[in-house]
Structure formats: structure tokens, C-alpha cells
Enquirer: 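My questions all concern the structure below.
Convention: sequence-line order gives letters A, B, ...; per-chain numbering from 1. Computed from heavy atoms alone, side chains included, the values below leave out hydrogens, waters and symmetry copies.
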Protein chains: 2
Amino acid sequence: MTKTYSIGELAREFDVTTRTIRFYEDQGLLSPRRRGQTRVYSPADRTTLKLILRGKRLGFSLAESRDLIRMYRPASDNRQQLEALLQRIADKRAQLERQLADIQVLQTELDDAEARTRQALTGL
Amino acid sequence: MTKTYSIGELAREFDVTTRTIRFYEDQGLLSPRRRGQTRVYSPADRTTLKLILRGKRLGFSLAESRDLIRMYRPASDNRQQLEALLQRIADKRAQLERQLADIQVLQTELDDAEARTRQALTGL
DNA sequence: GGGGAAGTTTACGTTAACGTAAAGTATTGA
DNA sequence: TCAATACTTTACGTTAACGTAAACTTCCCC
């Protein structure tokens, strides 16, 4: 019998509101089981939530995260769709590469800024 | 005599609308000179715009980018403020580190997804 | 058995980041 | 000279991603 989570538990763990989690479900990013009215989250649901929040930290929209979630599941036996999926994966990879490059540029700019700030401090 | 740019030139170069560029000015991120009514952008203005768009690709808000721009200029001779600036720089650096880690996790997840997709394709 | 505490639905409100349209000015090329 | 281009300001509209509030049910505890 595998572990489950309540919406409140997940909200606390990831520091989001329950409203946020329900909103993600509304947008089709999560589909927890129900015990009566109450939502019951599986470890897989929790992983999905984690994926969404990781995406948010990288500036992804919920639509992009939904796409990412779909990439992470087979979900098709159609050749065309699988090929299209490979393409979307490649596109995402390219986007991540660009973000990585952007981060590196920003890091060296921060290095510069810090050096100049320290320089200004020694001049006081 | 240093080069200048019109708003249209910059818009074309960076693939944004002129509305967007004016909006950034409205938000205090850009302050081009004027020739009469018309905005005239310096190479420094262009660099600032590039910084903003790089931030956007990383999911930064305009407020964050405004802060980044300020980090990139001395702008103070007050010890307290310089120390505070160093702190903000350190914070940004930490954020970039986390984003970098997030990207790496996502990259290996994409690797998995691609492998599984190729596997599904060979099974057809 | 009477509160809390945690869950639910429904619905209106809010903010950021522009889009879109209207109406006017300035320059430029046929 | 006139019509197309590129610029300007002003102002209302739009979308994503929730926040906030109200009104309700369920469960647990003393």
C-alpha cells in the first residue's frame, strides 16, 4: 500500500497554497484520485507537482509545464505522434541550452558588478 | 560620434514591438535621449534592452531586471548601500545556481523521455 | 454536542506585461 | 504636393496565474 498525500501536506512541503494546487488541477496538470470529495495525491502526483514548480523557477508557463508532463509519459502508439514528440523534446532541449548560456553570461556580469562594488568600497 | 538606434531598429533586431520598448521605458528600465519628440537609443540603451530580454528568457520579472540593471551600475557612494548591493548580488547568484541545477535535472529527464520514446518507436 | 481544523465549490478581484486602436506629427521619396 | 513610413501620446482591452472571500461539509476531540 503506497503512500498518499493530502492537499495540505503538499502545500506545506512545497510552500504553495492549496488554491494553487487546485488551480493546477483545473488547468489539467494534476488529476488526483478522490476519497469521497477529498483529493488524494499519489507519489506520482507529487512528482508532477515538483516538475511544475521546477518549471516555474525557470520561467515556464503552465502550458509549457503541461507539455513537459506529457513528454514524460509515453501516451501514444502512433508513429507520427512519437516523431512529433521527439521533435518537441529536441526543441525543449534547445531552449534549456539557451537558458544555460544566458545564465553563464549573467554570472560573469555579476562577477563584474561585484568586483566594481568592492572597488568602490575600498575607495571610502 | 557614437552610433544610435531608432526604436524601430531595436524592435526589429530583438524581435519585440515598439510598444514593448516604450513600456520598458515607462517602467523605468530604459531612458533614451530625445531628438525633439523622437527617442534616440545609445549603444548602452541597447545593451540594457539586451539585458532585459535575457532576463525574460530566464523568467525574470521586469522588477527583477530593473534591479539587475541597477546592480550593473555603481550609483552610490554610501557604505550601507554598497554593502546591501553586495548582498543582492549574492542573492541573485544563488538564484542562478538554483536555476542551473533545475536545468540539469530537466536535461536528464529529457534524456529519459527521449530514450523511452525511441524505445516505443522501435517496438512498432 | 459543540467547536476547531481541514477539506470542498463557486465566484469575483488583482497584477504583470503587454496588445490594440485611435488620432496626431514629421520626414521622405515619386 | 501628396501619400506612404515612422514616429508620437493616450487609453482601454486582454491573458496568465493565482488571491481572497463566502458558504458549505466532514471529521475529530474533549
Enquirer: In whole angstrom, give the distance that lies between atom CG of Leu29(B) and atom C1' of dA17(C).
Expert: 11 Å
Enquirer: Can you measure Arg35(B) atom CZ to dT25(C) atom P for me and round it to whole angstrom units?
Expert: 21 Å
Enquirer: Nearest 0.5 angstrom please: Lys50(A) NZ to Arg46(A) CZ, how far?
Expert: 5.0 Å
Enquirer: Using a strict 4.0 Å threshold on nitrogen-to-oxygen distance, state whether Glu114(B) and Arg118(B) make a salt bridge.
Expert: yes
Enquirer: Could Glu109(B) and Arg93(A) be called an ion pair, given the rule that one side-chain N must be under 4.0 Å from one carboxylate O?
Expert: no
Enquirer: Taking donor-acceptor contacts at under 3.5 Å, does the side chain of Arg19(B) reach the base of dT20(C)?
Expert: yes
Enquirer: Looking only at the side chain of Ile7(B) (C-beta and beyond, no hydrogens), which of the listed nucleotides dT8(C), dC7(D), dT9(D) gets closest?
Expert: dC7(D)
Enquirer: With respect to the phosphate group of dA17(C), does any side-chain polar atom (N or O) of Lys56(B) fall under 4.0 Å of OP1 or OP2?
Expert: no
Enquirer: Can you tell which of dT8(C), dA17(C), dC7(D) lies closest to the side chain of Ser6(B)?
Expert: dC7(D)
Enquirer: Thr18(B) side chain N/O closer than 4.0 Å to the phosphate oxygens (OP1, OP2) of dC7(D)?
Expert: no
Enquirer: What is the distance, to the nearest angstrom, from the OH atom on Tyr24(B) to the C1' atom on dG19(C)?
Expert: 13 Å
Enquirer: Could you work out which one of dT8(C), dA17(D), dA17(C) sits closest to the side chain of Arg22(A)?
Expert: dT8(C)
Enquirer: Nearest 0.5 angstrom please: Asp112(A) CG to Met71(B) CE, how far?
Expert: 14.0 Å
Enquirer: In whole Å, I'd like the distance from the CZ atom of Arg57(A) to the P atom of dA17(D).
Expert: 16 Å
Enquirer: Rounded to whole angstroms, how far apart are CZ on Arg12(A) and C1' on dG7(C)?
Expert: 12 Å
Enquirer: Between dC18(D) atom C1' and Leu53(A) atom CG, what is the distance in whole Å?
Expert: 13 Å
Enquirer: Measure from NZ or CZ of Lys3(B) to the centre of the six-membered ring of Tyr41(B) and say whether it is under 6.0 Å with the direction within 45° of the ring axis.
Expert: no
Enquirer: May I ask you to verify if any side-chain N or O of Arg34(A) is less than 4.0 angstrom from the OP1 or OP2 atom of dT9(C)?
Expert: yes
Enquirer: Thr20(A) or Gln37(A): which one's nearest nucleotide on DNA chain D is closer to the 5' end?
Expert: Thr20(A)
Enquirer: In this structure, how many angstroms lie between the C1' atom of dA6(D) and the OH atom of Tyr5(B), rounded?
Expert: 19 Å
Enquirer: Rounded to whole angstrom units, what separation is found between the CZ atom of Arg66(A) and the C1' atom of dA16(D)?
Expert: 11 Å
